Amino acid sequence: MVIKRVIERVKEKVENLQDAFKKDVIPPVEKALLSGNVQTIITEQYRLLRSRLSGLNGNHASNVFAVTSTRKGEGKSLTSVNLAIVMAEDTKKKVLLIDGDMRKPSIHTFFNCKSEYGLVDILSNKVDIETAVIHSKIKNLSLLLAGGPVESPSDLVATALFKEIIEKLRKRFDYIIIDSPPIIPFADMNIIGDIVDGILLVVRAERTPKDMVIEALKSLNKENVLGVVLNDSKKRLSKFYY
Ligand SMILES: Nc1ncnc2c1ncn2[C@@H]1O[C@H](COP(=O)(O)OP(=O)(O)OP(=O)(O)O)[C@@H](O)[C@H]1O
Ligand SMILES: [Mg+2]
């Protein structure tokens, strides 16, 4: 069965993050690895995820990743941020983190930064890439925030310009991570999934029903799903997802 095959391709899990973050009393900026507040074990888990990613897809170079989840609130943004940070630090290559969740942008909160422009503004032809991409405090890590509010983000994602922009950015950066919208209830991931080299599906352990994960996986281009990041897990993946 196709879906079973996809689930068998689970490559990584990030365990016990909960212990480090002590729920939501901690502001996002402190949950990002840049604060230096999180335990080394967490950093190590993201490092492992990063190194597994570079080993995936055989000879085919994977440079552009979308981080998504079946529905909202499963840890897409947190995973994108921390993955981008370890990627920039470990590989010393140029990394770009894009806030592609235009309905619910949050990357700026992790980095405690502001920018007048972002992805929305490039997509609506207001500014060029150079104006919208900003540096983060982390060496080698640049950010493209979501930008101005937009009524219909799906329409922007569906334009040829979106693909064009990603192709242009691909030439300027070694790795690109897109914090993406959830798969349900939008169609955006169908488009984003075809543009990127690989999709990471974040699953909030024991919160996301297995059927929902299967439905979500069915709607994606399965060849592109690199693996599942099991977020906030205390148990082994197999107990819940098989
Ligand atoms: N492993 C974890 N342990 C504790 N809290 C977590 C963990 N992962 C995520 N959270 C918290 O859950 C909330 C949602 O996380 P995050 O914003 O990364 O998810 P998201 O999938 O991007 O959500 P949205 O769909 O709303 O954009 C945040 O408050 C985050 O700090
Ligand atoms: Mg988010």
Side-chain angles (χ1 to χ4, degrees), residues 12-35 37-50 65-87 97-113 118-120 143-147 149-150 153-154 157 176-189 192-193 196 199-209 212-213 215-217 219-220 225 227-237 240-241:
E12 192 46 73
K13 61 190 172 117
V14 176
E15 273 189 303
N16 297 332
L17 293 186
Q18 175 127 23
D19 296 343
F21 298 133
K22 301 268 189 301
K23 295 289 182 200
D24 291 341
V25 288
I26 298 179
V29 72
E30 288 183 26
K31 290 178 191 166
L33 298 178
L34 59 100
S35 73
N37 283 347
V38 285
Q39 296 160 14
T40 317
I41 186 168
I42 309 292
T43 320
E44 283 312 313
Q45 287 170 348
Y46 284 109
R47 289 226 155 94
L48 194 65
L49 174 62
R50 187 209 57 78
F65 304 99
V67 179
T68 188
S69 60
T70 51
R71 53 182 180 175
K72 65 184 169 71
E74 296 195 53
K76 297 178 289 297
S77 301
L78 189 66
T79 303
S80 305
V81 166
N82 285 330
L83 185 59
I85 292 171
V86 295
M87 237 174 206
L97 172 61
I98 302 180
D99 197 336
D101 199 349
M102 293 180 265
R103 291 178 193 80
K104 232 180 154 189
S106 71
I107 296 299
H108 58 287
T109 64
F110 289 92
F111 290 87
N112 206 4
C113 65
L119 181 61
V120 169
L143 305 173
L144 176 56
L145 302 179
V150 59
S154 295
V157 168
I176 299 175
I177 295 169
I178 309 176
D179 179 16
S180 304
I183 300 165
I184 300 168
F186 313 111
D188 302 6
M189 271 316 293
I192 297 176
V196 298
I199 300 169
L200 269 184
L201 186 75
V202 177
V203 173
R204 191 84 180 245
E206 294 153 47
R207 283 202 200 174
T208 319
M212 200 180 248
V213 177
E215 266 323 294
L217 285 169
S219 73
L220 291 177
V225 180
V228 175
V229 178
L230 191 65
N231 182 24
D232 201 2
S233 158
K234 293 225 188 304
K235 294 185 184 169
R236 293 189 63 80
L237 178 69
F240 189 62
Y241 287 101

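Position 1 is the first residue of the sequence, and the numbers go up from there. This one's a predicted model, so the numbers in the text were calculated from it and none came from an experiment. Whatever order the structure lists them in is the order used to number ligands and atoms, beginning at 1.
Under 4.0 Å from ligand 1, not a single heavy atom of Val202 appears. For Arg204, every heavy-atom contact with ligand 1 shorter than 4.0 Å involves the side chain, none the backbone.
The contact set between ligand 1 and Lys104, taken as ligand atoms under 4.0 Å from a residue heavy atom, comprises 24 (P), 26 (O). Atoms of ligand 1 lying under 4.0 Å from at least one heavy atom of Glu74, given by number and element, are 19 (O), 20 (P), 21 (O). The contact set between ligand 1 and Lys72, taken as ligand atoms under 4.0 Å from a residue heavy atom, comprises 25 (O). Applying the 4.0 Å criterion to heavy atoms of Leu78 picks out, from ligand 1, the atoms 7 (C), 8 (N), 9 (C), 18 (O). Of all the atoms in ligand 1, the ones that sit under 4.0 Å from a non-hydrogen atom of Asp101 are 27 (O).
Below 3.5 Å of separation, one finds an N or O of Lys76 facing an N or O of ligand 1.
Between the CD1 atom of Ile107 and the CD1 atom of Ile178 there is a distance of 11.5 Å, given to the nearest 0.5 Å. Annotation: the span from Ser69 atom OG to Leu200 atom CG amounts to 11.5 Å, rounded to 0.5 Å. Taken from CD in Gln45 to CZ in Arg50, the straight-line distance is 15.0 Å, to the nearest 0.5 Å. The distance from atom CE of Met189 to atom OG1 of Thr68, rounded to the nearest 0.5 Å, is 4.5 Å.
The Mg ion (ligand 2) has Ser77 OG as its protein N, O or S neighbours under 2.8 Å.
Residue pairs meeting the salt bridge (charged side-chain N to carboxylate O under 4.0 Å, His left out) criterion with at least one member in residues 74-85: none, sequence neighbours excluded.
Remark: the backbone N or O of Pro181 is not paired with any side-chain donor or acceptor of Asp188 at under 3.5 angstrom.
Here the shortest heavy-atom distance to atom 16 (P) of ligand 1, taken over Gly75, Pro182, Gly73, belongs to Gly75.
Checked against side chain to side chain donor-acceptor pair (under 3.5 Å), Arg71 has no partners two or more places apart in sequence or in another chain. Residues meeting the side chain to side chain contact (heavy atoms under 4.5 Å, CB included) test with Ser80, sequence neighbours left out: Val67, Leu97, Ile177, Asp179.
Counted by atom type alone, Ser154 and Arg103 present one or more donor-acceptor pairs between their side chains at under 3.5 Å. A donor and an acceptor atom, one from each side chain of Ser77 and Ser106, are located under 3.5 Å apart.
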